[in-house]
Amino acid sequence: MNDKAIRDRLLKHGKELFRAPKQLIRFTGKVKADSLLNDLENHPHAFVLGCVMDRQIKAERAWLIPYLISQKIGGFSMKRLCALSAEDVRRLMSEPEPLHRFVDRMAVNFYSAVQRIALVYDSNAASIWLDKPSSAEVVYRFLEFDGVGPKIASMGANILAREFKIPFADYYSIDISADIHIRRVFGRVGLCAAEATVEQVVYKARALYPDFPGMMDLPCWEIGRNWCKSRGPECSECYMNDLCPTAKQNKRGLSKRSA
Ligand code: SF4
């Protein structure tokens, strides 16, 4: 019963975010880098390459990589990128300082993604999401890039649908991207066990809202980042506190201590 109330609260906020007018997405907090990543019209590959880089380092740092490379090569057109050899990319990503924690692996993934966009999508990465494809098709196309797993593939499709307002035929296959914030929130609000696996969280979200499991992604992530911190959740500020068993437990603990 409580699952439904929690789901409805998360979905209410998720739907507000989904319907909100399109705004500049702040991937990095740096104006020029974000402008490049938001420019789906002229540089759709920048967004795709940002997704490919978003692994095992802070997202803000990963999403900066397309812009930093554009600075080094004087632009970010596919023509310019296609002129780079695998060794050029490795050098650009590792000198004078590494742009990624796993720079050699990520340089290979970056190079391979450029080649894939050139060969499969005729240098137009927007073909990945044009013409109202199904969500499964878009997630599958992201999964075809080297180094992209289900979490990033769903994240890419979710950003396209929710933030860029790209129309899809359906949203069934956009899963929640169960990162550390989302797993913590699912555990604390009682949707899953505290130590639930990524798969458990993904399937729980599917069970709760099969039409669009990823609709709960950003609301949970925001709760995790803003209030439901790993040490010391700020329950009094959180809009889930009247439904959340952890908040109630913490409140009981506090009133016992002050009695
Ligand atoms: S009410 Fe507290 S424990 Fe529950 S989700 Fe919000 S911050 Fe986390």
Side-chain angles (χ1 to χ4, degrees), residues 1-20 23 25-29 54-63 135 149-159 161-163 171-259:
M1 190 62 189
N2 204 37
D3 278 13
K4 185 176 176 308
I6 288 168
R7 178 203 67 175
D8 290 349
R9 182 80 55 86
L10 293 171
L11 283 180
K12 182 173 178 288
H13 186 46
K15 286 176 184 174
E16 283 163 5
L17 293 167
F18 190 78
R19 291 186 194 124
Q23 288 182 2
I25 310 166
R26 302 196 185 282
F27 291 99
T28 68
D54 192 1
R55 276 177 67 195
Q56 296 174 298
I57 55 170
K58 277 196 155 207
E60 289 83 356
R61 190 175 159 210
W63 286 94
S135 55
K151 178 167 162 265
I152 295 297
S154 262
M155 179 203 75
N158 213 344
I159 294 173
R162 184 187 62 229
E163 310 289 341
Y171 300 93
Y172 303 122
S173 298
I174 303 182
D175 278 318
I176 206 159
S177 295
D179 74 355
I180 188 121
H181 292 307
I182 288 170
R183 287 166 70 193
R184 189 167 60 247
V185 171
F186 261 56
R188 286 188 178 158
V189 298
L191 289 175
C192 282
E195 302 302 324
T197 62
V198 167
E199 289 77 15
Q200 285 170 333
V201 171
V202 166
Y203 276 85
K204 183 67 187 185
R206 287 185 191 175
L208 288 168
Y209 194 52
D211 285 355
F212 188 173
M215 184 72 92
M216 289 173 283
D217 188 278
L218 188 52
C220 287
W221 186 83
E222 285 178 345
I223 291 169
R225 196 193 52 172
N226 294 335
W227 309 296
C228 201
K229 296 173 181 165
S230 55
R231 288 178 191 205
E234 295 163 16
C235 300
S236 58
E237 307 293 319
C238 174
Y239 65 86
M240 299 303 291
N241 64 15
D242 58 321
L243 299 173
C244 177
T246 305
K248 288 177 190 167
Q249 211 176 28
N250 289 349
K251 208 171 170 184
R252 276 200 298 274
L254 278 178
S255 34
K256 262 191 201 162
R257 274 204 292 278
S258 59

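All ligand and atom numbering here is 1-based and tracks the order in the structure.
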When you check the gap from the basic side-chain N to the acidic O, do [X] and [Y] get nearer than 4.0 Å?
| X | Y | result |
| --- | --- | --- |
| Lys151 | Asp179 | no |
| Asp8 | Lys4 | yes |
| Asp3 | Lys204 | yes |

(message) Counting only heavy atoms and a distance below 4.0 Å, can you name the residues contacting ligand 1?
(response)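 Arg188, Val189, Ile223, Trp227, Cys228, Pro233, Cys235, Cys238, Asn241, Cys244, Thr246, Ala247.
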
(request) Taking atom types as modelled, find out whether His13 and Glu222 have a side-chain donor-acceptor pair closer than 3.5 angstrom. (result)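 On atom types as modelled, these side chains qualify, holding a pair under 3.5 Å.
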
(message) Let me confirm one number: the CD1-CD1 distance from Ile176 to Ile182, rounded to the nearest 0.5 Å.
(response)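 Atom-to-atom, Ile176:CD1 and Ile182:CD1 are 5.0 Å apart.
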
(message) In terms of relative ring orientation, are Phe212 and Phe18 parallel, tilted or perpendicular, with 30° and 60° separating the classes?
(response)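 Perpendicular: the ring planes of Phe212 and Phe18 meet at over 60°.
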
